[in-house]
Enquirer: 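Pasting a structure here, questions to come.
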Amino acid sequence: MNIILDIDGTICFDGRHIDKRIIERLSSLHNIGHRIIFASARPIRDLLPVLPTQFHEFTLIGGNGSIISENNHIQTLATISNEDFALIKEVIEQYNLSYIIDDDWNYAAEVATTNTIYQHLDPHRLAQKLSMNDIQSPIKTILLNINQDNFKDIATYLATNGKQLELINHSNELNIDITAKHINKYFAITHILGTNPTYIAFGNDHNDIKMLNHAQAAYFINNSTMSTSLFENEELITFVDANINSVCKVLDSLMSR
């Protein structure tokens with residue numbers, strides 16, 4: 001069975017590491033023949049420091065599906081077009097926004113050190129920090145800490161004027177994730193596993209919805225800030241408490257599948 005897991009808020013609860021009890025269970029599932037795939041909003045660069053070394057050669061989905069890594073080989077699936085990237089930079093400058101812009105490995109960023117996402121940004125100094133204009137092939141942009149009064153206007157402007165943009169609006173966090181059109185974790189899964197893939201999925205956020213909606217079995221790690229109305233069929237989703245013991249209990253139940 002293919003078992004696909006989001007990272008932050010799903011199996012990683014401190015933003016820095018995965019508890020050894022979860023690691024042990026994932027290793028056991030791998031050893032009995034299940035394929036473990038990690039799927040994160042983080043780029044591959046920032047995903048690696050969270051994963052134990054033995055998982056680095058596993059299939060990794062990063063940047064909300066814009067990039068993958070298999071056997072330590074990174075492949076970009078889609079980039080934001082030059083025209084749309086110019087639009088994003090225009091919005092950043094007009095509203096004086098904080099941001100993180102990723103290419104396949106390096107990044108540009110203007111973000112407060114107090115922001116939680118800053119703690120996840122290239123913590124092992126694996127990449128180069130570039131200027132925004134030096135990013136040539138952007139795979140993902142995050143607009144951060146948007147003023148609440150401007151949030152709806154910015155989201156609407158990008159959705160209306162972007163030619164080929166995919167937006168995930170985190171209105172509760174006042175952030176917007178941006179990738180190329182139709183890019184999401186499920187898109188990356190079909191690239192890896194083929195059309196109509198069979199898999200079990202774990203997730204906890206807006207960027208996991210399509211992945212969970214297409215799963216044979218879906219486990220949603222409870223996120224009190226997100227409406228579950230986004231699920232196509234809520235009855236097919238198993239809701240799991242957001243703690244290590246509850247996640248371990250589900251992983252144990254998969255041992256016999």
Enquirer: Test side chain to side chain donor-acceptor pair (under 3.5 Å) on Glu70 and Thr59 and set out the steps.
Expert: CA-CA 5 Å; Glu70 296 185 280; Thr59 300; 3.3 Å; yes
Enquirer: Whether Asp208 and Lys185 form a salt bridge (side-chain N of Lys/Arg under 4.0 Å from carboxylate O of Asp/Glu) is what I want to check.
Expert: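 Yes, charged N to carboxylate O under 4.0 Å.
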Enquirer: Are the aromatic rings of Phe202 and Phe220 close, with centres under 6.0 Å apart?
Expert: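 No, the ring of Phe202 stays outside the 6.0 Å limit from the ring of Phe220, centre to centre.
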Enquirer: Can you classify the ring geometry of Phe38 versus Phe55 as parallel (below 30°), tilted (30 to 60°) or perpendicular (above 60°)?
Expert: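 Because their plane-to-plane angle lies in the 30° to 60° range, the rings of Phe38 and Phe55 count as tilted.
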Enquirer: Return yes if some donor-acceptor pair links the side-chain N/O of Asp19 with the main-chain N/O of Arg21 below 3.5 Å, else return no.
Expert: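 Judged by distance alone, yes, a pair lies under 3.5 Å.
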Enquirer: Taking side chain to side chain contact (heavy atoms under 4.5 Å, CB included) as the test, write out the residues that go with Arg16, two or more places apart.
Expert: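 So Arg16 forms a side chain to side chain contact (heavy atoms under 4.5 Å, CB included) with Asp14.
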Enquirer: Could you report the tightest heavy-atom contact between Ile237 and Ala218, atom names first, then the distance?
Expert: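 That closest heavy-atom pairing would be CD1-CB, 3.6 Å.
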Enquirer: Mind running side chain to side chain contact (heavy atoms under 4.5 Å, CB included) on Ile22 and Glu24 for me, showing each step along the way?
Expert: CA-CA 5 Å; Ile22 294 177; Glu24 289 170 356; over 6 Å; no
Enquirer: Please tabulate, one pair per line, all N/O donor-acceptor pairs under 3.5 Å involving side-chain atoms of residues 148-156, not counting sequence neighbours.
Expert:
{"residue": "Thr156", "atom": "OG1", "partner": "Lys152", "partner atom": "O", "Å": "2.8"}

Enquirer: With a 4.0 Å cut-off on N to O distance, would you call Glu110 and Lys89 a salt bridge?
Expert: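 The answer is no: the pair does not qualify as a salt bridge.
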Enquirer: Can you give me the closest heavy-atom contact between Gly15 and Val50, atom names plus distance?
Expert: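 The answer is O-CG2, 4.4 Å.
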Enquirer: Are more than 12 heavy atoms, taken from residues, nucleotides or ligands other than Tyr118, located less than 6.0 Å from that residue's OH atom?
Expert: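 For Tyr118, atom OH is not crowded (no more than 12 foreign heavy atoms under 6.0 Å).
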Enquirer: With respect to Glu173, which candidate in Asn169, Ile176, Asn175 satisfies the side chain to side chain contact (heavy atoms under 4.5 Å, CB included) definition?
Expert: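 When side chain to side chain contact (heavy atoms under 4.5 Å, CB included) is applied between Glu173 and each of Asn169, Ile176, Asn175, only Asn175 qualifies.
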Enquirer: Backbone N or O of Lys210 within a donor-acceptor pair of the His214 side chain at under 3.5 Å?
Expert: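 Looks like yes, one N/O pair under 3.5 Å.
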Enquirer: The test is side chain to side chain donor-acceptor pair (under 3.5 Å); show your working for Tyr157 and Glu90 and say whether it passes.
Expert: CA-CA 11 Å; Tyr157 182 78; Glu90 172 195 315; 2.8 Å; yes
Enquirer: Counting distance only, does the side-chain N/O of Ser66 pair as donor-acceptor with the main-chain N or O of Gly63 below 3.5 Å?
Expert: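 It does hold such a pair.
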Enquirer: Walk me through whether Asn184 and Asn64 qualify under side chain to side chain contact (heavy atoms under 4.5 Å, CB included).
Expert: CA-CA 5 Å; Asn184 54 68; Asn64 282 341; over 6 Å; no
Enquirer: Applying side chain to side chain contact (heavy atoms under 4.5 Å, CB included), run through Phe231 and Ile209 and close with a yes or a no.
Expert: CA-CA 7 Å; Phe231 294 122; Ile209 295 297; 3.5 Å; yes
Enquirer: According to side chain to side chain contact (heavy atoms under 4.5 Å, CB included), who are the partners of Asn2, at least two apart in sequence or on a separate chain?
Expert: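 Applying side chain to side chain contact (heavy atoms under 4.5 Å, CB included) to Asn2 gives Arg35, Leu193, Tyr199.
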Enquirer: Taking the basic N atoms (NZ, or NE/NH1/NH2) and the acidic carboxylate oxygens, is any pair closer than 4.0 Å for Arg45 and Asp104?
Expert: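 Salt bridge flag = no for Asp104 with Arg45.
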Enquirer: Test side chain to side chain donor-acceptor pair (under 3.5 Å) on Ser246 and Asn243; report intermediate values, then the result.
Expert: CA-CA 6 Å; Ser246 295; Asn243 61 67; 3.0 Å; yes
Enquirer: Take atom CG of Asp134 as the centre, draw a 6.0 Å sphere, and report whether it contains more than 12 heavy atoms from other residues, nucleotides or ligands.
Expert: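 Buried by this count: over 12 neighbours within 6.0 Å.
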Enquirer: Find the distance between CD1 (Ile142) and CG (Asp102) and round it off to the nearest 0.5 Å.
Expert: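 Interatomic distance, Ile142 CD1 to Asp102 CG, rounded to 0.5 Å: 6.5 Å.
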